[in-house]
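Just so we're clear, the structure is a prediction, and the values are computed from it rather than from any experiment.
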Amino acid sequence: MTTLSLAVLDLAGTTVADDGIVEDAFLHALSREGVRQGSARHDAMMRHVRDTMGESKVSVFRHLFDGDEDTAQRANTAFEEAYAQMVASGRCSALPGARQAIESLRAHGCAVVLNTGFSPRTRDDLLASLGWSALADAVLSPADAGRGRPYPDMVLTALLRTGAPSVDSVAVVGDTPHDMRAGRAAGAGLVAGVLTGGHDAQSLRAAGADQVLDSVAGLPALIEAADRAA
């Protein structure tokens, strides 16, 4: 195994505790589009939302509204507005040890790129609220790379942005099966799940995780161990 030189880390659920506001923002957006809470349609839509956590949000809305682009864009705008309001109200915080893990990795020569299914606007609002705007080497959304998860585009764009030598030198870390699938599709040398989101170890391993950590705080030790074994 090649020495790991780049860690691509998810935001909500992996490095950031969002107090359920992603789901709450989806609920708000569906309500704005007249989808009645408690209806069979609403329940089916929310199941899809939970199953596709980590995917580009506008892509999720396109699926929910059967490819109607105008409705998807309108719902996505409602999502972003609701999410921004909840971030501003203080409902987001860094997960314990997350900032320290990022700083430790960078101090030891491993670049860090944060990636997310949020739009650049929502992502940047979140990072600003945490004081993380300059914490990582780069930050990416699907709009910066082409396609969102489970496609490998953001991972490969992170490699190009940082000049990492090969996909074998990349670690991908997230809390959802889509994170794991993106890492596998990119050919990452290490794909690791964390249990701080909404998915258990079994589902993360089934989607391709090499390792499952209690939290991202354990990542520096995992990468150090992998490098010693390389």
Side-chain angles (χ1 to χ4, degrees), residues 1-18 54 93-117 123 126-127 130-140 145 149-150 152-230:
M1 180 177 176
T2 305
T3 299
L4 295 167
S5 61
L6 168 63
V8 181
L9 312 181
D10 174 50
L11 282 174
T14 300
T15 54
V16 177
D18 70 0
S93 61
L95 279 162
R99 184 184 187 106
Q100 294 89 334
I102 294 168
E103 291 174 339
S104 176
L105 290 170
R106 296 186 72 196
H108 288 87
C110 183
V112 175
V113 173
L114 299 173
N115 75 139
T116 179
R123 175 200 73 203
L126 173 58
L127 292 174
L130 298 170
W132 281 18
S133 297
L135 181 62
D137 293 274
V139 294
L140 294 172
R149 307 174 189 126
D153 301 31
M154 287 196 290
V155 177
L156 298 176
T157 299
L159 181 150
L160 294 172
R161 289 276 184 96
T162 60
S166 69
V167 290
D168 282 350
S169 73
V170 179
V172 173
V173 184
D175 66 299
T176 72
H178 270 6
D179 292 305
M180 306 300 97
R181 294 181 186 113
R184 288 269 72 91
L190 174 66
V191 178
V194 294
L195 298 176
T196 44
H199 296 272
D200 60 20
Q202 182 177 357
S203 64
L204 294 171
R205 289 189 184 279
D210 299 308
Q211 301 281 344
V212 177
L213 303 170
D214 288 336
S215 79
V216 76
L219 182 61
L222 178 62
I223 288 182
E224 183 181 344
D227 286 346
R228 285 199 302 269

Please give me the minimum heavy-atom distance between [X] and [Y], naming the atom from each residue.
| X | Y | result |
| --- | --- | --- |
| V155 | A182 | CG2-O, 4.3 Å |
| A101 | A217 | CB-CA, 4.4 Å |
| G183 | V191 | C-CG2, 3.7 Å |
| L4 | A226 | CD1-CB, 3.9 Å |

Nearest 0.5 angstrom please: [X] [atom1] to [Y] [atom2], how far?
| X | Y | atom1 | atom2 | value |
| --- | --- | --- | --- | --- |
| T157 | L140 | OG1 | CG | 6.0 Å |
| M180 | D10 | CE | CG | 8.5 Å |
| T3 | I223 | OG1 | CD1 | 11.0 Å |
| L222 | L190 | CG | CG | 5.0 Å |
| C110 | D227 | SG | CG | 7.5 Å |
| L135 | T15 | CG | OG1 | 9.0 Å |

* Go through the steps for L11 and L126 under the test side-chain contact (heavy atoms from CB on, under 4.5 Å), then give the verdict. => CA-CA 9 Å; L11 282 174; L126 173 58; 4.3 Å; yes
* Asked: Do R184 and D210 meet the salt-bridge criterion of a basic N to acidic O distance under 4.0 Å?
  -> yes
* To do: Tell me, with the steps shown, if L114 and L127 meet side-chain contact (heavy atoms from CB on, under 4.5 Å).
  => CA-CA 10 Å; L114 299 173; L127 292 174; 4.0 Å; yes
* **Whether S203 side chain and H199 backbone form a donor-acceptor pair below 3.5 Å** => no
* Please assess L195 against V212 for the test side-chain contact (heavy atoms from CB on, under 4.5 Å), listing each intermediate value before the final yes or no. => CA-CA 7 Å; L195 298 176; V212 177; 3.6 Å; yes
* For V194, which of D214, L9, V173, L204 qualifies under side-chain contact (heavy atoms from CB on, under 4.5 Å)? -> V173
* Asked: Less than 4.5 Å apart, any side-chain heavy atom of R181 and any of P177?
  -> yes
* To do: Answer yes or no: is there a side-chain heavy-atom contact under 4.5 Å between T14 and V16?
  => no
* Asked: Under the side-chain contact (heavy atoms from CB on, under 4.5 Å) criterion, do R123 and V139 qualify, and how do the steps go?
  -> CA-CA 8 Å; R123 175 200 73 203; V139 294; 3.6 Å; yes
* T196 versus D175, side-chain donor and acceptor atoms under 3.5 Å -> no
* Identify, with sequence neighbours excluded, every residue that meets side chain to side chain contact (heavy atoms under 4.5 Å, CB included) alongside P165. => S5, S169
* Please identify each residue that fulfils side chain to side chain contact (heavy atoms under 4.5 Å, CB included) with R106, with sequence neighbours left out. => I102, V112, D137
* With D179, which residues qualify under side chain to side chain donor-acceptor pair (under 3.5 Å), at least two apart? -> R149, T176
